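Worksheet for the structure shown next.
Since this is a predicted model, take the numbers as computed values, not measurements. One-based numbering, in listed order, for ligands and for the atoms of each.
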Amino acid sequence: MYQNLIDLKSKSPEFINQLISLAIELKNKDARSVQKSPVRGCAGLLFFEPSTRTRFSFEMACVKAGVHPLILDGSTGTSLEKGESLEDTIYNIEAMKPLFFVIRSSDQLNLPEVIKHLRTPVINAGWGIQGHPTQALLDVMTLIEKWGSVKNKKILFLGDVKHSRVVRSHLELAESLGYHIGYCCPADFKPQVNSPFFNQTIYFDQIDRALQWADAVVALRVQKERHTDVVGSEFIDKYRKNFGLNRHSLTLLKNDALILHPGPINYGVELEKEVTKDDRSVILHLVTNGVFIREAVIRKLVLNE
Ligand code: CP
């Protein structure tokens, strides 16, 4: 029986720890190597929304695992332009018998409903504001590499929490692995999440206390494309002043704390360029680790290695 990866709440802590250990093992073995075995089949990488890190790292992970990635990158040049639905697109590509799907889409796609009609494993590569499980896994892999364990650590999410699928996946992962979640944002960016675990998170309305609390801070992009109201220049100026990461605000962060951002970064909004050069930043380590987490997911969850 195959498995999907739509969320993390359906996976046991043992399974998650095994996935992360496998990713670290694959990275340590030889970060640049590609398996020499024959190609086992093709995977359908369906990116209905834009992506750089997730798409490219899934492509690399496929190649490393001996799977040929076939990519749908936006609607241009496909029959989506002629009005074909996302669902029909997926069902037609499934008829060509890919080994598995990697799907990025907006909330417009009802992913749980779609997978009821499929006989092909699906990996969620970022679904609207619902979840981005491999991003949360690669964040935690990076923290485990630095700390050995994430248990009882305090992880702060700073920014557009309302639209963050990364936060939603971390809520599931934190409950499973035992780390604490705090979030800091203006009232307009507070999320509505129906989960008992969410009630255990801490909300900070001021960045100073939030940064002093955190063992790691994850800065989040202001997702202008998902705001129905206008996020204008006045709002952004105020946001940058009160919630932006910069040389000054970083003086409040612990000396051994870590700085993360899933990318892409809006420089001059949620953080200033100098933050990426701070010794505590692991932003590009996250991107490296994305390849190995995705390779581990493909090998363990889909190929049953
Ligand atoms: N972090 C992330 O999902 O980046 P992309 O949108 O570039 O894939």
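- Atoms of ligand 1 found under 4.0 Å from any heavy atom of Thr52 (numbered from 1 in listed order, with element): 5 (P), 7 (O), 8 (O).
- Taking only non-hydrogen atoms, the option from Ser51, Gly290, Gly126 nearest to atom 5 (P) of ligand 1 is Ser51.
- Looking only at heavy atoms of the protein, atom 4 (O) of ligand 1 is closest to Arg53 NE, 3.0 Å.
- Ring pair Phe100/Tyr2: centre-to-centre distance not below 6.0 Å.
- Short contacts between ligand 1 and Thr54, defined as distances under 4.0 Å to a heavy atom of the residue, involve ligand atoms 2 (C), 3 (O), 4 (O), 5 (P), 8 (O).
- Annotation: atom 1 (N) of ligand 1 to nearest protein heavy atom, Pro262 O, 2.7 Å.
- Between Phe198 and Tyr183, the distance separating the two ring centers is shorter than 6.0 angstrom.
- In this structure, His132 is part of the shell of residues with a heavy atom less than 4.0 angstrom from ligand 1.
- Scanning both residues, Val161 and Pro191, for their nearest heavy atoms gives CG1-CG, 3.6 Å.
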Step by step, work out the salt bridge (Lys or Arg N to Asp or Glu O under 4.0 Å) result for Asp256 and Lys254. CA-CA 5 Å; Asp256 59 352; Lys254 293 171 190 166; over 6 Å; no
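- If you check which protein heavy atom lies closest to atom 6 (O) of ligand 1, you get Arg104 NH1, 2.8 Å.
- By the 30° and 60° cut-offs, the orientation of the rings of Phe157 relative to His170 is tilted.
- Between Phe189 and Phe235, the distance separating the two ring centers is shorter than 6.0 angstrom.
- For ligand 1, the atoms lying closer than 4.0 Å to a non-hydrogen atom of Gly263 are 1 (N), 2 (C), 4 (O).
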